[in-house]
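To start, the structure under review is shown below, and the notes come after it.
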Amino acid sequence: MDIEDLQTFVAVADAGGVSAAARRLGVSKSIVSRRLLRVEAELGVQLLARTTRGASLTEAGMTFRDHAARASAEIDTARETILPAGELRGRLRVAMPLSFGSTHFAPVLAEMAQKHLQLHIHTSYSDRFVDLIAEGFDCAIRVGYLQDSNLIARRVGPIHGKLVASPDYIKAHGSPETVEQLADHQALMQGTEAWQFMDGDKIVTVQPQGRFKADNATALAAAAAAGLGIAWLPDCITYEYVSSGALVAVMTRYPPPSAGAYVVRPPGKHPTRKVRILIEMLIEYFARNPDLWGVDR
């Protein structure tokens, strides 16, 4: 049985349909369908029940999926083991935030592609929460404070941020001096997140309130500059606004604790060599460019 056909079946099973699997694999739907037919013909059983909404696994398909996934993983590991040192091949699927993934992390992936000509890199830029396992990503880059999960995370660098507001907002509404005074202000947020601040050695958590929300940090910075409220944002997003005077730091006596940038991956004994090298390159990139992340500010 062709290993590529086997991997395609696993992708269809996990994605819930041919179309989603084709997008994940970066091939046409017709190629995915042909590979599936070959696997079913080889086994002599139907693995997928095809519907207008996608595909669901038959009982035989559910049994075979776990074996196929393990076999595919073993083949990938074997390929990596025998490759010449430094050479990568295959496909690397990475999810990263839209807010500054395309400007701050994309150069690392471009450098990786230049160094490894046999490697296919597929990147998804989105500020929504991505389910790595269900959507078939090898890893994701996440910024901020990580939620508890079964994913394995490796910190690659610090992310510093601050509370900011426009001079016009401060003139009209004043500037909060204490954590308690935040309740009197409009907060610009991504959702219902909590904000944390350092009060000496203690971390104080508050639930800010506001009428303007966006799932994108760049949009929140623009809203803050327009005078809509106060935002907690990374320095790499607000640096130009602060430099020009469009935004100013507020409540500086209570700085937010340092956040981080992380590479997260599905649980497993060891990361693939592709993910390990990406982690190494990101750590080096952070070390080379501390000014991008607010480390020196």
Full working for side-chain contact (heavy atoms from CB on, under 4.5 Å) between V248 and I170: CA-CA 9 Å; V248 296; I170 294 172; 3.2 Å; yes

query: Is any side-chain heavy atom of P97 less than 4.5 Å from a side-chain heavy atom of R142?
result: no

- request: Please determine, by modelled atom types, if S30 and S28 share a side-chain donor-acceptor pair under 3.5 angstrom.
  value: yes

statement: Between the CZ atom in F286 and the CE atom in M281, the distance rounded to the nearest 0.5 Å is 13.5 Å

- prompt: Side chains of L278 and L109: closer than 4.5 Å at any heavy-atom pair?
  reply: yes

query: Is the closest side-chain heavy-atom distance between I152 and V264 below 4.5 Å?
result: no

query: Is the shortest side-chain N to carboxylate O distance from D215 to R128 below 4.0 Å?
result: no

- request: Heavy atoms only: give me the nearest V45-A60 pair and the separation to one decimal.
  value: CG2-CB, 4.3 Å

query: Can you tell if the side chain of F64 reaches within under 4.5 Å of the side chain of L57, non-hydrogen atoms only?
result: no

- prompt: What about L36 and I31, same hydrophobic cluster or not, with Ile/Leu/Val/Met/Phe/Trp/Tyr joined at side-chain heavy-atom distances under 4.5 Å?
  reply: yes

query: Any link between Y125 and I121 through a network of hydrophobic side chains (Ile, Leu, Val, Met, Phe, Trp, Tyr) touching at under 4.5 Å?
result: yes

message: Could you see if V143 belongs to whatever hydrophobic cluster contains L233? Use Ile, Leu, Val, Met, Phe, Trp, Tyr and a side-chain cutoff under 4.5 Å.
response: no

query: Considering all heavy atoms of both residues, which atom of I237 and which atom of A217 are nearest to each other, and what is their separation?
result: CG2-O, 3.9 Å

- prompt: Got a second to check how far Q207's CD is from E193's CD, nearest 0.5 Å?
  reply: 8.5 Å

field: Member of R35, R91, R38 meeting the salt bridge (charged side-chain N to carboxylate O under 4.0 Å, His left out) criterion with E4
entry: R35

message: Count I, L, V, M, F, W, Y as connected when their side-chain heavy atoms are under 4.5 Å apart, and connections chain through other members. Are L247 and W232 then in the same cluster?
response: no

- request: Check whether any side-chain N or O of T123 sits under 3.5 Å from a backbone N or O of V94 as a donor-acceptor pair, and report yes or no.
  value: no

query: Which pairs pass salt bridge (charged side-chain N to carboxylate O under 4.0 Å, His left out) with one or both residues in residues 100-113, sequence neighbours excluded?
result: E111-K115, E111-R288

- request: Answer whether the closest heavy-atom distance between the side chains of I3 and S72 falls below 4.5 Å.
  value: yes

query: Of all heavy-atom pairs between P208 and V206, which one has the smallest distance, and what is that distance?
result: CD-O, 3.3 Å

query: For atom CZ of R155, is the number of surrounding heavy atoms from other residues, nucleotides or ligands below 6.0 Å larger than 12?
result: yes

- line: In short, G161 meets D235 closest at the heavy-atom pair CA-OD1, 3.5 Å

query: Taking the side chain as C-beta and beyond, is there a heavy-atom pair between T58 and L48 under 4.5 Å?
result: no

field: Passing option when I279 is tested against L282, I277, I283 for side-chain contact (heavy atoms from CB on, under 4.5 Å)
entry: I283

- prompt: For the atom pair CG (L6) and CD1 (I75), what is the distance rounded to the nearest 0.5 Å?
  reply: 9.0 Å

query: For the residue pair A95 and F137, what are the closest heavy atoms and their distance?
result: N-CD2, 3.7 Å

- line: Looking only at heavy atoms, the pair that brings Q186 and G210 closest together is OE1-CA, 3.3 Å

statement: d(S124 OG, L98 CG) to nearest 0.5 Å is 9.5 Å

task: Would you list the pairs meeting ring-ring contact (aromatic ring centres under 6.0 Å, His included) in which at least one residue belongs to residues 169-188, sequence neighbours left out?
output: Y169-H173, Y169-H185

message: Side-chain heavy atoms nearer than 4.5 Å, only ILVMFWY residues, links allowed to pass through others: does that put L220 and Y239 together?
response: no

- prompt: Applying salt bridge (charged side-chain N to carboxylate O under 4.0 Å, His left out), which residue pairs with at least one partner in residues 57-75 are found, sequence neighbours left out?
  reply: D14-R65

task: Assess the pair F105 and Y285: is the distance between their ring centroids shorter than 6.0 Å?
output: no

- request: Give the C-alpha distance, both sets of side-chain angles, the deciding distance and a yes or no for side-chain contact (heavy atoms from CB on, under 4.5 Å) between R265 and L151.
  value: CA-CA 6 Å; R265 62 179 176 85; L151 300 177; over 6 Å; no

message: What's the separation between atom CD1 in I203 and atom CE in M198, rounded to the nearest 0.5 Å?
response: 5.0 Å

query: Distance from E40 atom CD to L47 atom CG, nearest 0.5 Å?
result: 4.5 Å

query: Which is it for L117 and R89 under the side-chain contact (heavy atoms from CB on, under 4.5 Å) test, yes or no, and what are the steps along the way?
result: CA-CA 8 Å; L117 301 181; R89 58 172 294 177; over 6 Å; no

message: Test side-chain contact (heavy atoms from CB on, under 4.5 Å) on R273 and L88; report intermediate values, then the result.
response: CA-CA 8 Å; R273 189 156 153 261; L88 295 178; 3.5 Å; yes

Contact check, side chains of L163 and F197, non-hydrogen atoms, under 4.5 Å: yes

- prompt: So, does K213 use its side chain to make a donor-acceptor pair with the main chain of M189 at under 3.5 Å?
  reply: no

task: Sort out for me which residue in V164, T178, L182, I230 forms a side-chain contact (heavy atoms from CB on, under 4.5 Å) with M251.
output: L182

Donor-acceptor contact below 3.5 Å, side chain D2 vs main chain D5: yes

